[in-house]
Amino acid sequence: MASRPELVAPPEIFYDDAEARKYTSSSRIVEIQASLSERALELLALPDDGIPKLLLDIGCGSGLSGETLSENGHHWIGLDISPSMLNVAVEREVEGDLLLGDMGQGLGLRPGVIDGVISISAVQWLCNADKSSHNPILRLKAFFTSLYRCLANGARAVFQIYPENINQRELILKAAMRAGFAGGIVVDFPHSTKKRKEFLVLTCGQRAVNSMPEGKDDNGESCSDDDSEDEENQTVRVSDRHRPQKKQKWNKSGKGKEWIKRKKEQMRRRGNAVPPDTKYTGRKRKDRF
């Protein structure tokens with residue numbers, strides 16, 4: 001199987017009947033999916049109240065990740081664009097409900113019904129334009145906007161991603177922030193080329209928690225952002241749409257006469273009625289009191 005299947009063909013074409021069965025029958029793939037799903041579930045930080053949650057598995061494939069959710073006592077809905085993958089999931093009699101759909105066209109789920117979302121190696125597919133009608137920015141917008149709407153207040157979404165470059169990572173993260181999410185990137189095994197894993201951890205709603213979980217190092221222990229920061233990842237660490245913006249600093253001396261004349265000239269070129277320049281243009285008004 002290609003290291004980056006999204007560069008070979010669209011998912012609904014690449015994962016045909018043969019590839020879907022090959023993917024599911026690989027013991028190595030099964031082990032990796034289980035490990036990533038366990039980590040994603042850990043990053044969801046669901047309340048330990050003994051109540052099963054309704055989770056959404058985006059890009060569920062043949063249901064390998066969903067089995068981890070079922071083993072942890074949760075109900076789940078799986079969404080995938082590949083009919084062949086979903087057929088294998090049906091044959092395997094997974095416990096989740098399965099939906100055939102394109103996440104780039106948005107999620108048709110009722111508002112506020114999902115308690116958490118996981119996705120393993122799926123979201124980066126939206127960065128590719130597989131059809132002439134595909135616009136990655138618009139598809140990411142449709143996906144994250146609809147995802148935000150269907151999540152319960154304060155719920156988390158965890159996406160294991162492997163972006164091709166830093167531009168893809170920033171494209172995904174910016175789309176999530178514009179949709180209203182708070183969160184950022186968590187990196188496990190940052191110093192290992194082979195074991196390195198990236199998780200996009202997002203929280204929605206007014207009860208969103210700004211504190212981010214930490215990644216794991218080679219010993220399986222938590223590592224801080226400083227330990228995991230590298231040249232490629234240092235620009236995308238923790239982002240928060242709800243973080244208060246800094247107040248804009250104004251020049252005490254004002255805009256100045258030259259600036260005002262330049263702006264007035266721009267307005268004249270646009271055909272707007274602008275008062276003529278005088279010797280008083282740009283002068284500071286006297287204090288009245």
Side-chain angles (χ1 to χ4, degrees), residues 1-44 46 51-110 113-128 130-131 134 139 142-143 146-147 150-151 157-162 197 199-200:
M1 186 168 56
S3 58
R4 285 194 173 274
E6 67 270 20
L7 302 180
V8 179
E12 65 272 26
I13 296 177
F14 181 86
Y15 289 109
D16 55 13
D17 292 342
E19 193 65 35
R21 297 185 185 282
K22 176 183 175 183
Y23 186 94
T24 310
S25 61
S26 171
S27 58
R28 176 176 171 272
I29 293 296
V30 172
E31 182 180 354
I32 292 175
Q33 283 279 348
S35 175
L36 293 175
S37 301
E38 286 285 357
R39 177 57 172 154
L41 195 56
E42 177 183 349
L43 292 172
L44 273 184
L46 296 170
I51 301 176
K53 307 302 179 184
L54 178 60
L55 305 180
L56 179 62
D57 182 4
I58 298 174
C60 65
S62 56
L64 298 179
S65 301
E67 289 183 341
T68 300
L69 302 181
S70 297
E71 290 170 359
N72 283 269
H74 300 296
H75 307 296
W76 59 278
I77 300 172
L79 173 72
D80 203 277
I81 196 174
S82 169
S84 298
M85 278 290 201
L86 294 178
N87 288 337
V88 175
V90 172
E91 293 176 5
R92 299 177 66 246
E93 298 182 350
V94 297
E95 297 183 19
D97 296 320
L98 304 175
L99 298 176
L100 175 64
D102 179 4
M103 59 181 170
Q105 295 182 353
L107 308 175
L109 298 174
R110 293 175 58 186
V113 299
I114 302 298
D115 298 313
V117 176
I118 71 166
S119 178
I120 307 300
S121 305
V123 175
Q124 69 278 346
W125 287 81
L126 293 178
C127 296
N128 298 324
D130 297 317
K131 301 178 181 178
H134 282 183
R139 286 169 61 77
F143 169 65
S146 60
L147 177 66
C150 74
L151 282 171
V158 178
F159 306 91
Q160 186 271 318
I161 59 175
Y162 55 98
K197 295 292 184 296
F199 295 87
L200 175 59

Enquirer: What do you reckon, is CD of Glu31 surrounded by more than 12 foreign heavy atoms closer than 6.0 Å?
Expert: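 Open: at most 12 neighbouring heavy atoms sit under 6.0 Å from CD of Glu31.
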
Enquirer: If you take all heavy atoms of Ile120 and Ala40, which pair is closest and at what distance?
Expert: CD1-CB, 4.3 Å

Enquirer: Which atom names give the shortest non-hydrogen contact between Leu44 and Val117, and what distance separates them?
Expert: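 Residues Leu44 and Val117, closest heavy atoms: CD2-O, 3.4 Å.
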
Enquirer: Answer yes when Arg39 and Glu42 have at least one side-chain N-carboxylate O distance shorter than 4.0 Å, and no when they do not.
Expert: yes

Enquirer: Under 30°, 30 to 60°, or over 60°: which ring-plane class applies to Phe14 and Trp125, parallel, tilted or perpendicular?
Expert: tilted

Enquirer: To the nearest 0.5 Å, tell me how far Ile32 CD1 sits from Ser27 OG.
Expert: 9.5 Å

Enquirer: Are the side chains of Leu109 and Ile114 in touch, meaning some heavy atoms are under 4.5 Å apart?
Expert: yes

Enquirer: Does Thr24 use its side chain to pair, donor to acceptor, with the backbone of Arg21 at less than 3.5 Å?
Expert: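 Here the side-chain-to-backbone pair does not exist.
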
Enquirer: For a quick test of reading the model, state the closest non-hydrogen atom pair linking Cys150 to Leu107 and the distance between them.
Expert: SG-CD1, 4.4 Å

Enquirer: Walk me through whether Ser65 and Gln33 qualify under side chain to side chain donor-acceptor pair (under 3.5 Å).
Expert: CA-CA 6 Å; Ser65 301; Gln33 283 279 348; 2.8 Å; yes

Enquirer: So Tyr23 and Tyr15, would you call those rings parallel, tilted or perpendicular, with 30° and 60° as cut-offs?
Expert: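 Ring orientation of Tyr23 relative to Tyr15: perpendicular.
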
Enquirer: Calculate, to the nearest 0.5 Å, the distance between atoms CG and CG belonging to Asp57 and Leu79 respectively.
Expert: 9.0 Å

Enquirer: Of all the heavy-atom pairs spanning Ser62 and Arg92, show the shortest one and how long it is.
Expert: O-NH1, 2.8 Å

Enquirer: Spell out, as yes or no, whether a donor-acceptor pair under 3.5 Å connects the side chain of His74 to the backbone of Leu69.
Expert: no

Enquirer: Hey, what do you get for CD (Glu38) to CG (Leu43), rounding to the nearest 0.5 Å?
Expert: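 Separation between the atoms: 11.5 Å.
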
Enquirer: Do Trp76 and Ile118 have side-chain heavy atoms sitting under 4.5 Å apart?
Expert: no

Enquirer: Using side-chain heavy atoms (C-beta onward) and a distance below 4.5 Å, is Ser37 in contact with Leu64?
Expert: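 Counting from C-beta outward, Ser37 and Leu64 never come under 4.5 Å.
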
Enquirer: Could you tell me which non-hydrogen atom of Gly61 sits nearest to which non-hydrogen atom of Asp80, and how far apart they are?
Expert: N-OD2, 2.8 Å

Enquirer: When you measure from the side chain of Ser146 to the backbone N and O of Gly106, does any donor-acceptor pair fall under 3.5 Å?
Expert: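 Such a contact is absent between Ser146 side chain and Gly106 backbone.
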
Enquirer: Rounded at 0.5 Å granularity, tell me how far CG in Leu86 sits from CD1 in Ile81.
Expert: 10.5 Å

Enquirer: Measuring from Leu46:CG to Leu41:CG, what's the distance to the nearest 0.5 Å?
Expert: 6.0 Å

Enquirer: I need the minimum non-hydrogen distance between Met103 and Ala122, along with the two atoms involved.
Expert: CE-O, 3.2 Å

Enquirer: Within this structure, what is the CG-CG distance for the pair Asp97 and Leu99, rounded to the nearest 0.5 Å?
Expert: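 These two atoms lie 7.5 Å from each other.
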
